[in-house]
Each structure stands twice: as structure tokens, then as C-alpha cells.
Protein chains: 2
Amino acid sequence: MRVLGVDPGLTRCGLGVVDGSSGRSVRAVAVDVVRTAPDLPLERRLLAVGAEVERWIALYGPDVVAIERVFSQHNVRTVMGTAQASGVVALLAARAGLPVAFHTPSEVKAAVTGEGRAGKEQVTTMVTKVLGLAEAPRPADAADALALAICHCWRAPMLDRMAQAKVRSDELAKAHRARLAAAARAAR
Amino acid sequence: MRVLGVDPGLTRCGLGVVDGSSGRSVRAVAVDVVRTAPDLPLERRLLAVGAEVERWIALYGPDVVAIERVFSQHNVRTVMGTAQASGVVALLAARAGLPVAFHTPSEVKAAVTGEGRAGKEQVTTMVTKVLGLAEAPRPADAADALALAICHCWRAPMLDRMAQAKVRSDELAKAHRARLAAAARAAR
């Protein structure tokens, strides 16, 4: 499974492509950061980020796009731009016919370092180690994009099993309700 | 000038088209609300909103798209979805080659009612009156989209004059600095 991880942003948007195979084996394919100038109008910045995401989708052909879920607990102005960029990335992935998955920062940190409150440096160190890179990816947004892609490789099988279990449990619940209704009719 | 006003959102996204002519004369062309189901995956909701915005741009041929500037002071979950939708709208407007303008809720309220802290009902009443509509547009998101478009019609000439004044003042400042530098060279 090839995953395009995106750490959305306007000033810096991290992009990382990772191939995951059975077990926990992962391989880095590409990583970069798209930058847009803060003095450009917002729509120009979104155009630039969008164009680069589309180029990466065409170039690397990922099976799925994993995006960091944005929270508004930090700087309000930054978060709005980040959310707008994440909306654009999700739209373009969906338009390319790709499934989109969102992971929270703590899910990513927990998957990669084993610790949901790990620092940026710790995430970069583990990403470098897990992917067997000669150098640590810089800036942190590049490492975060790879971490997101790794997180998706490792969480996806579990999320699939959970989704299948949910379908199975819904079926069982439906069958149970049908049996109860049949019993009620028989008792009348 | 034909303006497409967008009150961005996922559950309800207001769309309103207004024609503005010289002075304060404005005319309603179309208004509607796009709804997407809260249980759909986020990317499906963004796809639906984006498709409708593109359809309106093709159908009504606006000269500019005016979008409500999102703040994160309210409900965090809702605001993130609203910001993501606004990013998608700005991207698609820019891809259609249209200029994009953002107005804050208080700029819109001040333009339409004369009061930046006006309530939703007051905005709807003034929109209905200003556009000479037989009925008040419902829900509030529809009225808000028309209010945004009206606000843009009325603010755009002033914003243009301000932008021109800024260019002129930058030129004067540059000429002044050049004269000072020449005087300094002559004095050496």
C-alpha cells in the first residue's frame, strides 16, 4: 500500500510518500515541503498547495491520502489557514478517486514513537530510524508528513478490522431484532 | 458587477448571487443552500459543496466570489469544517479565474444593517428590504450569502480606492526616499 501523507499548511505543507508492506515494514519514496509566501492572497496560496498535491498524486500514484486532522487549540490565524489547506487536499484527493483518512497528531505520535505526547524531535528521530534514512528529514513538516504516512500504514489494517467488526456486529444486531420481532408475532 | 456570495459550511452552505450597479442599487439573481449529511465522510461533503459551487459559477458567471472570513471563536468542531469548506470554495473560484474577496461577519452586518453586531433576524430583514424580495430568504445561511454579496457590491469601490491610494502613497514614499538619498549624495 502506497500512502501520501500530508501535514497541511500554507506557509509550509509537508508531503511524504511511504510504501507499506505486510507487517511493519515501510519504505520512504519521496518527501518535500511546499512553501507559499505569506504575502500572497489566500486563494493564490491554496492554488499553489493544490497544484503540488495534484502533481504528487499523478507522479507517485498513492492508494490513499492520509491528512493530519486539524485542531483549533493553537494560534487561531494559523489554524484557519491550515484547515483551509486540509480541505483543499481532501477535495483534490477525493476528486482523484482516492480514499482519504484523517489521523490526529497524537495518533501519529503514538503510532511512530509509542507516546502520544512525543516532541517534534522524537518524531523526526523515529521516522528517520523506522525508514532507515541516512539523514533526518527537515524541516519538521517533512518528517511529520512521513510520520502520517507511516501511521496510516500501521493503523489501516486495524481500522479495516474495526470497520469489518462493526459491519458484522450491525448484522448480528439486525438478525437479533428480527428474531425478537418474529417471537413477538408468534406470541400474539 | 455580479457577485457570488458564499456563507461556507458543510451542513449548510449558503449561496447567493447579486448584481450591483452604480450607487447602492442591488438586485437578487439567485439564492439557495447546499446541504450535506453529517454522517458522510468529510471528503464526500467537500466534494458535494465544491461541485455545487462550480455549477453556480458556470451557471451564473459571477465577476467575483465573496466568502465569509471564518473565525475560530465559536464551536471548534463546526469551525474546522467551515474553514475546510471555505478553502475549497476559494480554490475553485481561483481555478475558475475569478477574484476572491473575504469579508468578516461584522463587516457584512455593518454594511447591510449599519450595525456590526446586528442579529441574524435583523440581517435577514435588511437583505429582504434592500433586494425588494417578496419573502425573507430562509434559512439564515441563504440570507447571509446574499448579505455577503451585497456587502461586496458596496465595499468593493471603497476597497479599490484604498488599494489605489496605497499604490499612490507607496510611489510618493519611494520618490521621497530617492530625493533624500540624492540630497545626501550631493552633501558629501
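Being a predicted model, the structure only gives us computed values, none of them experimental. Naming convention: chains lettered A, B, ... in sequence-line order (proteins, then strands); numbering from 1 in each chain.
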Engineer: State yes or no: do A/Leu4 and A/Val26 share one hydrophobic cluster built from I, L, V, M, F, W and Y residues joined by side-chain heavy-atom distances below 4.5 Å, directly or via other members?
Structural biologist: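 The answer is no; the residues belong to distinct hydrophobic clusters.
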Engineer: Of all the residues in residues 176-188 of chain A, which have a heavy atom that comes within less than 4.5 Å of a heavy atom in chain B?
Structural biologist: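 The residues closer than 4.5 Å to chain B amount to none at all.
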Engineer: Around B/Arg44, counting heavy atoms of other residues, nucleotides and ligands shown, do more than 12 lie under 6.0 Å from its CZ?
Structural biologist: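 Count not over threshold, so no.
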Engineer: Is it true that B/Met1 and B/Val130 fall in one hydrophobic cluster, defined by side-chain heavy atoms closer than 4.5 Å?
Structural biologist: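 Cluster IDs for B/Met1 and B/Val130 differ.
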Engineer: Linking I/L/V/M/F/W/Y whenever any side-chain heavy atoms sit under 4.5 Å apart, do A/Leu46 and A/Val6 land together?
Structural biologist: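 Shared cluster, yes.
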Engineer: Listed by residue number, which members of residues 84-110 of chain A have a heavy atom under 4.5 Å from any heavy atom of chain B?
Structural biologist: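 Listed by number: A/Gln84, A/Ser86, A/Gly87, A/Val88, A/Ala90, A/Leu91, A/Leu92, A/Ala94, A/Arg95, A/Val100, A/Phe102.
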Engineer: Same cluster or not: are A/Val3 and A/Val127 linked, directly or through other Ile, Leu, Val, Met, Phe, Trp or Tyr residues, by side-chain heavy atoms under 4.5 angstrom apart?
Structural biologist: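 Shared cluster, no.
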Engineer: Work out which heavy atom in A/Met80 is nearest to a heavy atom in B/Val79; give both atom names and the distance.
Structural biologist: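 Closest heavy-atom pair between A/Met80 and B/Val79: CE-CG1, 3.3 Å.
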Engineer: Kindly work out whether a path of hydrophobic side-chain contacts (I/L/V/M/F/W/Y, heavy atoms less than 4.5 Å apart) joins B/Val18 to B/Ile67.
Structural biologist: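 Cluster IDs for B/Val18 and B/Ile67 differ.
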